[in-house]
2 protein chains.
Amino acid sequence: MINKLKKMGLKITPQRLAILKILDGNTSHPSAEDIYKELKPQFPSLSLATVYNTLEVLAGGGEVQEVRIKSDKKHFDPNPAPHCHFLCRVCDNIYDLDMWPEDLQLPCDIKGNLIQGCNLYLYGICFRCRDKYKNGNNNNNN
Amino acid sequence: MINKLKKMGLKITPQRLAILKILDGNTSHPSAEDIYKELKPQFPSLSLATVYNTLEVLAGGGEVQEVRIKSDKKHFDPNPAPHCHFLCRVCDNIYDLDMWPEDLQLPCDIKGNLIQGCNLYLYGICFRCRDKYKNGNNNNNN
DNA sequence: AAGGAAAATTATAATGATTATAAAATAACA
DNA sequence: TGTTATTTTATAATCATTATAATTTTCCTT
């Protein structure tokens, strides 16, 4: 964790460590505000700007991914490996899906264009919500 | 064009026709403001809200695609067929690429999740900018 | 062709995520 | 321990987008 910051030439601060700790292994795809709200009780002096700044440098350094699957807000993923993100239209949660199209290994060349990065966003209904809906139907006999 | 509006149960207005006309066959991926600026001289009374409203209903009806490849602004594509979008980091233009991953035919099922929609955003350097860079290097002997 | 209800347009204000600013605090080096 | 560059903080600014409410227009009906 400390190494990630040092590797990027950043100073070690309690705020940055706390943000990295929240992100570490986190698959909930928090927004900047989610992180801010989670840390505020332990860090009463924490500023939202610090969270934004830290996420920006981490994303710039390739340590976290910006997930722009929703139109209104950015979310963050500490897993920098390419994988797709899936937004359930029912529960509004973002999930990782570790499939990746075989014909999209980066970097690659498509019709003369150099492709360096890629975001794959999927939309639909997650298996949890499908199950709920199915059960609801059966129980209510609709 | 008129049919598109009628099909969606919308009234035919000069503003909507003008917006549809700009979009028809357009591959430049304009933003709402781009469209507004282009139409304002011919439609001095046009309001930006009208452009946003029209694009929203067209997108809702599946007649145009929202392209969220840039983090700050939405762009629009009159081609509703799934295809990927490519942002050149040098010239900042958005291009269509008509490739599509073979293993992503919609709708489909991935690990129990129902996938209904998909956005594929690519980032890199377009062939035009690659050529310019290459030539620049040769000419300057760097 | 005129009337009228429902929908659309308009000008404007509000929203809300993100970014910029500048002063105060802190980390890390000598 | 002192110093300097960096970071944090509080706050304001930005800017795309959405909401509001009054006016205008479409289009169905007569």
Side-chain angles (χ1 to χ4, degrees), chain A residues 1-20 22 29-61 63-64 66-76 92 94, chain B residues 1-22 29-61 63-76 92 94:
Chain A
M1 215 119 84
I2 288 183
N3 286 338
K4 283 189 184 176
L5 294 175
K6 282 191 177 168
K7 208 191 310 174
M8 302 176 62
L10 299 170
K11 295 194 171 170
I12 316 300
T13 68
Q15 294 87 340
R16 284 175 173 165
L17 288 176
I19 292 168
L20 278 172
I22 282 190
H29 306 92
S31 66
E33 222 199 338
D34 292 334
I35 294 172
Y36 173 73
K37 281 183 180 162
E38 188 168 341
L39 286 177
K40 192 67 176 173
Q42 314 158 37
F43 276 89
S45 79
L46 183 67
S47 171
L48 188 51
T50 299
V51 179
Y52 273 103
N53 290 340
T54 301
L55 290 170
E56 190 189 359
V57 293
L58 290 174
E63 294 294 339
V64 311
E66 261 187 36
V67 179
R68 295 203 306 267
I69 199 169
K70 294 193 192 181
S71 55
D72 55 338
K73 216 182 268 193
K74 288 181 190 169
H75 292 77
F76 295 87
D92 205 44
I94 299 170
Chain B
M1 216 119 84
I2 289 183
N3 286 338
K4 281 189 185 175
L5 294 175
K6 283 192 177 166
K7 208 191 310 174
M8 300 176 64
L10 299 171
K11 295 193 171 170
I12 316 300
T13 68
Q15 293 87 341
R16 283 175 174 168
L17 289 175
I19 292 167
L20 278 172
K21 193 173 164 195
I22 284 190
H29 306 91
S31 66
E33 221 199 338
D34 292 334
I35 294 172
Y36 173 73
K37 281 182 182 162
E38 189 168 339
L39 285 177
K40 191 69 176 172
Q42 314 159 36
F43 276 88
S45 79
L46 183 68
S47 170
L48 189 51
T50 298
V51 179
Y52 273 103
N53 289 341
T54 301
L55 290 170
E56 190 189 359
V57 293
L58 290 173
E63 294 295 338
V64 310
Q65 273 193 72
E66 263 186 36
V67 179
R68 295 203 306 266
I69 198 169
K70 294 193 192 181
S71 55
D72 54 339
K73 216 182 268 193
K74 287 180 190 170
H75 292 76
F76 294 87
D92 205 43
I94 300 170

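Both backbone and side-chain heavy atoms feed into the values below; hydrogens, waters and symmetry mates do not. In what follows, every chain begins at residue 1, and chains take the letters A, B, ... in the order their sequences are listed.
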Evaluate the side-chain proximity of A/L20 to A/I2: yes if any heavy-atom separation is below 4.5 Å, no if none is.
->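 No, side chains not in contact.
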With sequence neighbours left out, what residues match [X] under side-chain hydrogen bond (donor to acceptor under 3.5 Å, both in side chains)?
| X | result |
| --- | --- |
| B/E66 | B/R68 |
| B/D34 | B/S31 |
| B/T50 | none |
| B/E38 | none |

Quick one: what's the B/S/- string for nucleotides 25-30 of chain D, heavy-atom cutoff under 4.0 Å, read 5' to 3'?
-> -BS---
Side chains of residues 5-16 of chain B: which donor-acceptor pairs under 3.5 Å do they make with residues two or more places apart or in other chains?
residue, atom, partner, partner atom, Å
B/T13, OG1, B/R16, N, 3.1
B/R16, NH1, B/K11, O, 3.0

Just to verify, what does [X] make a side chain to side chain contact (heavy atoms under 4.5 Å, CB included) with, not counting sequence neighbours?
| X | answer |
| --- | --- |
| A/D92 | A/K70, A/L87 |
| B/Y36 | B/K40, B/L46, B/L48, B/V51 |
| A/A18 | A/L39, A/F43 |

Gap between atoms [atom1] and [atom2], on [X] and [N] respectively (whole Å):
| X | N | atom1 | atom2 | result |
| --- | --- | --- | --- | --- |
| B/E33 | D/dA16 | CD | P | 6 Å |
| B/D72 | D/dT17 | CG | P | 8 Å |
| A/R68 | C/dT18 | CZ | C1' | 13 Å |

Pairwise 5' ranking along DNA chain C for B/G9 and B/K40, keeping only the more 5' one |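 Mapping each residue to its closest nucleotide by heavy atoms, the 5'-most match is B/G9.
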Using the test ring-ring contact (aromatic ring centres under 6.0 Å, His included), find all partners of A/H75 that sit at least two apart in sequence or belong to another chain.
->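 So A/H75 forms no ring-ring contact (aromatic ring centres under 6.0 Å, His included) with any residue.
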Of residues 46-61 of chain B, the positions that come close to DNA chain D - non-hydrogen atoms, cut-off under 4.0 Å |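 Heavy-atom contacts with DNA chain D come from B/A49, B/Y52.
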Enter the inter-axis angle for the ends of the helix from C/dA1-D/dT30 to C/dA30-D/dT1 (five pairs per end, rounded to 10°).
->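 The end-segment axes of the helix from C/dA1-D/dT30 to C/dA30-D/dT1 are tilted 30° relative to each other.
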